Amino acid sequence: VYWAAANGITKGYADGTFGPERNCERREMMIFLWRVAGCPESSVNPAQKFSDMGAYKNTTDTYKAVAWGIENGIINGYSDGTFRPTASITRKDTMIMLYRLAGKPEVTGTISFSDCKYDVKVNPDTFNAILWADQEGISHGYTDGTFRPDEDCLREHIITFLYRNAK
């Protein structure tokens, strides 16, 4: 958290807290990634891609981060045309976004987590992202041998993953 604050990746909440045990929202994840990338500008209008982004003004970090994420292929959203900015992000989606940010590096092998039975031909980004995160030391899952891909990801976990990825 200190690393993230010192590098401008997180600014915390208005009350001066970081909220490490709070679920991380999808928009917050995009803001973290956008800041890691140096806050680049984008000409994309997120409301044209996602029906639930119209409430965000083009001056907000959420708008800018989601626009950048669309332009750079970090996010695709849902089949119903939404991004769901305030929904909690899952551990699986966190790894997919980090994997895409890294340029989708080629990986080989099999996923060792007992609860990740993804097929690389059916879910290539999911399979490769989780395998990549494990191989790169970004996330090793839990001591019981699971990854828990559909669990909500906490803010403390997101920052830990970003820190490990930066190292």
Side-chain angles (χ1 to χ4, degrees), residues 1-5 9-13 15 17-37 46 50-53 56 61-62 65-66 68-70 72-105 107-167:
V1 173
Y2 291 119
W3 166 83
I9 296 164
T10 185
K11 297 177 182 173
Y13 294 105
D15 66 359
T17 63
F18 172 68
E21 295 179 356
R22 290 177 64 171
N23 289 340
C24 188
E25 294 179 353
R26 291 172 54 80
R27 67 176 195 84
E28 292 174 322
M29 177 65 180
M30 283 310 308
I31 291 169
F32 293 153
L33 294 178
W34 174 68
R35 289 177 179 160
V36 164
F50 301 125
S51 61
D52 55 353
M53 285 298 299
Y56 295 93
D61 283 358
T62 297
V66 172
W68 168 82
I70 294 166
N72 290 281
I74 306 295
I75 53 174
N76 295 327
Y78 293 93
S79 60
D80 66 357
T82 62
F83 175 63
R84 303 178 193 167
T86 59
S88 295
I89 191 164
T90 63
R91 292 172 52 82
K92 168 181 64 182
D93 287 346
T94 297
M95 292 309 137
I96 291 170
M97 289 181 186
L98 282 170
Y99 176 69
R100 290 175 179 163
L101 178 68
K104 296 171 73 166
V107 291
T108 58
T110 57
I111 296 175
S112 62
F113 302 116
S114 61
D115 59 344
C116 292
K117 302 299 180 198
Y118 299 105
D119 184 327
V120 70
K121 292 178 182 157
V122 177
N123 306 98
D125 276 5
T126 303
F127 179 91
N128 290 329
I130 293 171
L131 179 61
W132 168 81
D134 185 30
Q135 290 178 348
E136 292 297 316
I138 295 165
S139 175
H140 296 296
Y142 292 90
T143 56
D144 65 358
T146 63
F147 182 75
R148 303 176 194 170
D150 295 318
E151 279 191 9
D152 294 337
C153 203
L154 301 178
R155 288 171 54 90
E156 66 184 336
H157 296 156
I158 300 284
I159 295 302
T160 301
F161 299 149
L162 289 171
Y163 177 76
R164 289 176 182 162
N165 188 48
K167 297 299 174 192

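In what follows, every heavy atom counts, from backbone to side chain, and hydrogens, waters and symmetry copies are set aside. Values in this document were obtained by computation on a predicted structure and should not be read as measured data.
Contact of the Phe127 side chain with the Cys116 side chain is not registered, since no non-hydrogen atoms from C-beta on lie closer than 4.5 Å. For the pair Asp115/Pro149, a side-chain contact is recorded, criterion being any heavy-atom separation below 4.5 Å from C-beta on. With contacts defined as side-chain heavy-atom distances shorter than 4.5 Å, the pair Ile89/Met97 qualifies. Using a 4.5 Å heavy-atom threshold, the side chains of Val1 and Glu156 count as separate.
Of all non-hydrogen atoms in Met30 and Gly69, the two that sit nearest each other are CE-CA, 3.5 Å. Residues Pro46 and Ile70 come closest through the heavy atom pair CA-CD1, 3.8 Å. What you find for Phe161 and Thr94 is that their closest heavy atoms are CD1-CG2, 3.9 Å. For the pair Ile75 and Phe50, the tightest heavy-atom approach, listed with the atom from each and the gap, is CD1-CE1, 3.9 Å. The two residues His140 and Phe113 make their nearest non-hydrogen contact at O-CE2, 3.2 Å. Across Ser139 and Met95, no two heavy atoms sit closer than the pair CB-CE, 4.0 Å.
For Tyr13, the side chain to side chain contact (heavy atoms under 4.5 Å, CB included) test picks out Asp15, Thr17, Arg22, Glu28, Arg155, with sequence neighbours left out. Under the ring-ring contact (aromatic ring centres under 6.0 Å, His included) criterion, Tyr163 pairs with Trp3, not counting sequence neighbours.
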- Take Asp61 and Arg35 through the side chain to side chain contact (heavy atoms under 4.5 Å, CB included) test and state the conclusion after the steps. CA-CA 9 Å; Asp61 283 358; Arg35 289 177 179 160; 2.7 Å; yes
- Query: Where do Ile111 and Phe147 land on the side chain to side chain contact (heavy atoms under 4.5 Å, CB included) test, with the steps shown first?
  - Reply: CA-CA 10 Å; Ile111 296 175; Phe147 182 75; over 6 Å; no
- Task: Could you check Met29 against Ile158 for side chain to side chain contact (heavy atoms under 4.5 Å, CB included), going step by step and ending with a plain yes or no?
- Result: CA-CA 8 Å; Met29 177 65 180; Ile158 300 284; 3.6 Å; yes
- Start with the C-alpha gap between Thr110 and Leu131, add the side-chain angles, then the distance that decides, and say whether side chain to side chain contact (heavy atoms under 4.5 Å, CB included) holds. CA-CA 7 Å; Thr110 57; Leu131 179 61; 6.0 Å; no
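Using modelled atom types, one side-chain atom of Gln135 and one backbone atom of Thr108 make a donor-acceptor pair closer than 3.5 Å. No donor-acceptor distance shorter than 3.5 angstrom exists from the side chain of Tyr118 to the backbone of Pro124, with no hydrogens or angles considered. Between the Asn72 side chain and the Ile74 main chain, no donor and acceptor come within less than 3.5 Å of each other.
To the nearest 0.5 Å, atom OG1 of residue Thr62 and atom CH2 of residue Trp34 are 9.0 Å apart. In this structure, Thr160 OG1 and Ile138 CD1 are separated by 12.0 Å, a value rounded to the nearest 0.5 Å. Taking CG of Asn23 as the reference point, atom OG1 of Thr90 lies at 11.0 Å (rounded to 0.5 Å). Of the inter-residue distances, the one linking Asn165 atom CG with Trp132 atom CH2 reads 4.5 Å to the nearest 0.5 angstrom. In this structure, CG on Asp52 lies 8.0 Å from CZ on Arg84, to the nearest 0.5 angstrom.
Within the structure, every pair that satisfies the salt bridge (charged side-chain N to carboxylate O under 4.0 Å, His left out) test and touches residues 87-103, not counting sequence neighbours, is listed here: Arg26-Asp93, Lys92-Asp150, Arg100-Asp125.
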